[in-house]
Amino acid sequence: MSKKKTSYPKHDIRILLLEGLSQTAIDTFKAAGYSQIEVHAKSLPEDELKARIAEAHIIGIRSRTQLTPEILAHGRRLMAIGCFCIGTNQVDVDAAELAGIPVFNAPYSNTRSVAELVIAEAIMLMRGIPQKSAECHRGGWSKSAAGSHEVRGKTLGIVGYGHIGTQVGVLAEAIGMNVVFHDIETKLSLGNARPALSLDELLERSDVVTLHVPETAATRDMFGAAQIARMKRGAHLINASRGTVVDIEALSAALESGQVGGAAVDVFPIEPKGNGDAFVSALAGKDNVILTPHVGGSTLEAQDNIGIEVAAKLVRYSDNGSTLSAVNFPEVTLPEHAASHRLLHIHRNVPGVLSQVNEIFGKHGINIDGQFLRTDAKVGYVVIDVSATDLQAVDLKEALMAIPGTLRTRVLY
Ligand code: NAI
């Protein structure tokens, strides 16, 4: 019977961080006891990426590094991917899953940043500041209170009362606004916010409407001429959600007719691919519109939070096996395993694997302290805790690796 250790000591786990991630990511790994951290300020050329990923157990990237099936095939030791950003399109998450590699991201680290911008824009729009600023820039001067309002006592209508919508509601109430919201799910109201009876009722009541829905088939063009017509005449619209949610032509017409008093738009149906590319929109050139280049969530604080959030998820997976909030993987939340060894077995979701796993333990007379299984359409993830002494007795890892359909196994001592 083999007594060789099969789990990696932390100081041998190699972490490759690309694209100038926040120092908070590095600090989080170090605080968790990881020391082999290779940091690059930029993304790597393809050949170098292949060479570096071949050595890495964990890789952290932002949106520039493309992790294609070809690149992933070089990640022979790779056990987890962290996207230190919101989106994960740059990773072939299906190929990663079939290689037994969970992918983590940070969908909510910039919630506060978006919420602050929305509140600032609500105040600016209610005061008519965009028009006044534009006029001053042109050398004009019209000092007048006409059309300028405080937000105190006005009604903010929040469409999509999720992470951002609720934060916006809390901040809006703190400055004295009344908050109504509309969501397709039943949501617990925070503060004095009240659910509207319907989207139409929200539109009829609100002085400022702000959109915080995800991009889905149902939200595509959900805000068009009909919804705009339901708004109070002269009310304001804010969209920092997704560009496909608002019919820009309809909004443009309503801004010209005065049906919408002003708008703040951060996201567009078509956005320039990179900095320096031309931005074209029917809203450009309108004094009563605040245009921003999809920066709702872009603050240095959000970057710091992203560093902590994603690094913490990677540490948790490496230390404990938890895959909670992985974007491509069966999600398992695991208790600590101080008194036991933990085996992680990732396999193709084909019939019979679990019984073969259990057979191995039965054959060796090993008592299982705890077992956790989650599957999705492609992959099964089973975590088995056994008493520490049991695991020294046999080389279970090798036996588990031999089960047909196995993608990866790990042992956590
Ligand atoms: P979330 O998932 O926490 O909340 C979305 C809410 O919208 C949920 O409560 C959901 O039930 C609701 N919803 C879904 N479909 C709906 C419908 N048809 N009608 C009404 N409600 C509906 O998402 P989170 O984090 O609050 O993000 C909201 C939006 O903001 C997303 O589209 C996200 O992509 C975008 N976002 C934009 C950023 C920017 O830089 N401008 C930064 C971060 C997020």
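Order of appearance sets the numbers: ligands from 1, and atoms from 1 within every ligand.
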Quiz item: Can you name the residues that come within less than 4.0 Å of ligand 1, going by heavy atoms only?
Solution: Tyr108, Asn110, Val114, Gly160, Tyr161, Gly162, His163, Ile164, His182, Asp183, Ile184, Glu185, Lys187, His212, Val213, Pro214, Thr219, Met222, Ala240, Ser241, Arg242, Asp266, Val267, His294, Gly296, Gly297
Exercise. Return each pair, listed once, that meets ring-ring contact (aromatic ring centres under 6.0 Å, His included) where at least one residue sits in residues 160-199; pairs must be two or more places apart or across chains.
Key: Tyr108-His163, Tyr161-Phe181
Donor-acceptor pairs under 3.5 Å, side chain of residues 231-241 to any protein atom, not counting sequence neighbours: which ones?
unit_1: Lys232; atom_1: NZ; unit_2: Asp207; atom_2: OD1; d: 2.8
unit_1: Arg233; atom_1: NH2; unit_2: Ser257; atom_2: O; d: 2.6
unit_1: His236; atom_1: ND1; unit_2: Gly262; atom_2: N; d: 3.1
unit_1: Asn239; atom_1: OD1; unit_2: Ser241; atom_2: N; d: 2.9
unit_1: Asn239; atom_1: OD1; unit_2: Ser241; atom_2: OG; d: 2.6
unit_1: Asn239; atom_1: ND2; unit_2: Arg242; atom_2: O; d: 3.2

Quiz item: Is Arg230 salt-bridged to Glu204, cutoff N-O under 4.0 Å?
Solution: yes
Quiz prompt | Exceeds 12 heavy-atom contacts within 6.0 angstrom, atom CD1 of Ile270 | solution = no
Self-check item: Salt-bridge contact Arg408-Glu97 (side-chain N to carboxylate O under 4.0 Å)
Solution: no
Exercise. For residues 114-136, pull every pair meeting side chain to side chain donor-acceptor pair (under 3.5 Å), keeping only residues two or more places apart or in separate chains.
Key: Arg112-Glu116, Glu135-Ser142
